[in-house]
Amino acid sequence: MKEAGCYDENTNGVVVMVEAHSQKEHIQQVVYRILDANLDRAREGLRIIEEWCRFGLNSAQLVGECKKERQELASWHTAELRAARNTPDDPGTDLTHPQEEQRTDVKSLLQANFCRVQEALRVLEEYGKLYNPNMGKAFKQMRYRIYTLESRLMGYHRQQLLLRSHLYLVTSPSDRLLDTVEAALKGGLTLVQYRDKLADDTKRLEQAKKLRQLCSTYGAIFIINDRVDLALAVDADGVHLGQQDLPVAVARQLLGPHRLIGRSTTNLQEMQAAIADGADYIGVGPVYETPTKEGKAAAGLEYVSYAAKNCHIPWFAIGGIDTSNINDVIDAGANRVAVVRSLIQAEQPTLVTQFFISQLTNRVRPEHGKPYI
Ligand SMILES: Cc1ncc(COP(=O)(O)OP(=O)(O)O)c(N)n1
Ligand SMILES: Cc1nc(C(=O)O)sc1CCOP(=O)(O)O
Ligand SMILES: [Mg+2]
């Protein structure tokens, strides 16, 4: 076909020009429709994310960032793009993916919407170049900002949940592992660590994947003991490192800024170092000698009291804690504890979980007459 504007003496040049012109117009309308649909898509996805930042996370900062991006999207949504909309003829309006109908948790809902926004921005970047060269550049930059927002929001979400977690289940090998963890999750558990010092990596990977899925379903944080590589492989929320494991700084480089890193501590020097190194939480123990960590001398309730007065990041008393001594640990100043046997060997993990959480969150501090927070 001849380009519009070329004169052809053998044909009636006017017709060719008109055809070429209308073809060009048709393509332009298609591009406008694509831009219009994807501006809407990106804004809708951002709005869904923004609602969680507002009501779920209470973060004015994150709400402000979502709003700013939505405003920039709106500024590109001109009347001529809106005028190209033709919803009745759009074959895409009836198409839904089965996964859209069955979101099971907030995290996957947020991830799906980030994905939707990023895809829409990529379309805007490519087709936008045909509309206005600045549009392509603007949406490329916005896409990178949204990637950063996603990892910050997920990190913030984890930090908030960590703050609200008072009971921490550290697993040990069990034939009923998944059932036990699920029963505890049903009782309100929000923090789980996968710990198996003996299994081979094939088994660890398989178990860790299943636990990851289970924790996501219940909206709980999932941490891997010792192994940064395994944590990354299963997209865990973080890793727990002892004094003989990788330094916190090395793990941070590998995991990035938004996953959680926990550190075991037995004394004040280790506590101070862990805080200075940027740990997100620490283990404080062993409170009592325990067969789960044979050969490690008890740090005792004195160290718990020291942590209560001096530790300003979340900390979990650990080691030999059960339903009979939890109140002594609370009296020493703990309001977060981590347990292995008390839950893994429990006949009724749901009830034991509920009991621990109620003691840790509802008990009145004798000296203040106020509930623990
Ligand atoms: C919450 C929590 N605190 C302490 C530990 C112990 O870590 P570590 O000293 O590295 O010993 P192992 O668990 O690796 O035997 C923990 N796992 N979790
Ligand atoms: C894994 C672990 N770390 C500890 C520490 O003090 O660092 S104590 C401990 C074992 C805790 O198991 P239980 O609840 O069965 O006593
Ligand atoms: Mg370790």
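Hydrogens, waters and symmetry mates play no part in the numbers below; they use all other heavy atoms, side chains included. Each ligand, and each atom within it, is numbered from 1 in the order the structure gives.
Residues L169 and L191 fail the side-chain proximity criterion, which asks for heavy atoms closer than 4.5 Å. At a threshold of 4.5 Å between non-hydrogen side-chain atoms, the residues L73 and L124 count as touching. Y194 is not listed as a side-chain neighbour of N225, based on a closest heavy-atom distance of 4.5 Å or more. Contact of the V239 side chain with the D226 side chain is not registered, since no non-hydrogen atoms from C-beta on lie closer than 4.5 Å. A 4.5 Å side-chain heavy-atom check between E69 and R43 finds every atom pair outside the cut-off.
With hydrogens and angles disregarded, no donor-acceptor distance shorter than 3.5 Å links the side chain of R116 to the backbone of Q111.
Tested against E65, the residues R152, R145, R70 include a single salt bridge (charged side-chain N to carboxylate O under 4.0 Å, His left out) partner, R152. E206 pairs in a salt bridge (charged side-chain N to carboxylate O under 4.0 Å, His left out) with only one of the listed residues (K209, K210, R204), which is K210.
Nearest-heavy-atom check against atom 4 (C) of ligand 1 across G285, S264, A317 picks out S264.
Residue contacts with ligand 1, taken as heavy atom pairs separated by less than 4.0 Å, involve Q193 solely via side-chain atoms from C-beta onward. Neither the backbone nor the side chain of F316 has any atom closer than 4.0 Å to an atom of ligand 1 (non-hydrogen atoms only).
Using a 30° and 60° split on the angle between ring planes, H157 and W52 fall in the tilted class, from 30° to 60°. Below 30°, between 30° and 60°, or above 60°: for Y168 and H240 the angle between ring planes is above 60°, a perpendicular geometry.
Between D277 and R252 there is no salt bridge, since no side-chain N of the basic residue sits under 4.0 Å from a carboxylate O of the acidic one.
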* Asked: Could you walk me through whether F114 and Y147 pass the ring pair (Phe, Tyr, Trp, His ring centres under 6.0 Å) check?
  -> CA-CA 8 Å; F114 270 111; Y147 285 134; 9.3 Å; no

* Using the salt bridge (charged side-chain N to carboxylate O under 4.0 Å, His left out) rule, take R82 and D36 through it: C-alpha gap first, then chi angles, then the decisive distance, then the call. => CA-CA 6 Å; R82 286 178 195 283; D36 170 61; 5.3 Å; no

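Ligand 1 places these atoms under 4.0 Å from at least one heavy atom of D245: 10 (O). Using a 4.0 Å cut-off to heavy atoms of D226, the atoms of ligand 1 that qualify are 10 (O), 14 (O). Residue contact check: K197 has heavy atoms under 4.0 Å from atoms 12 (P), 14 (O), 15 (O) of ligand 1.
Side chain to side chain, T292 and R341 meet the donor-acceptor criterion of an N or O pair below 3.5 Å. Side-chain contact check for Y156 and Q61: no donor-acceptor pair (N or O, by modelled atom type) lies under 3.5 Å.
Contact residues for ligand 2 (protein heavy atom closer than 4.0 angstrom to any ligand atom): R195, G285, P286, T290, T292, K293, K296, I318, G319, G320, V339, V340, R341.
Considering both main-chain and side-chain atoms, N225 comes within under 3.5 Å of ligand 1 through a nitrogen or oxygen pair. Below 3.5 Å of separation, one finds an N or O of G242 facing an N or O of ligand 1.
In terms of protein heavy atoms, atom 13 (O) of ligand 1 is closest to R195 NE, 2.7 Å. Counting only heavy atoms of the protein, atom 1 (C) of ligand 1 lies nearest to Y168 CE1, 3.5 Å. For atom 11 (O) of ligand 1, the nearest non-hydrogen atom of the protein is K293 NZ, 2.8 Å.
Listed by chain and number, the protein N, O or S atoms at a distance under 2.8 Å from the Mg ion (ligand 3) are D226 OD1, D245 OD2.
Under a 4.0 Å heavy-atom criterion, Q244 is not in contact with ligand 1.
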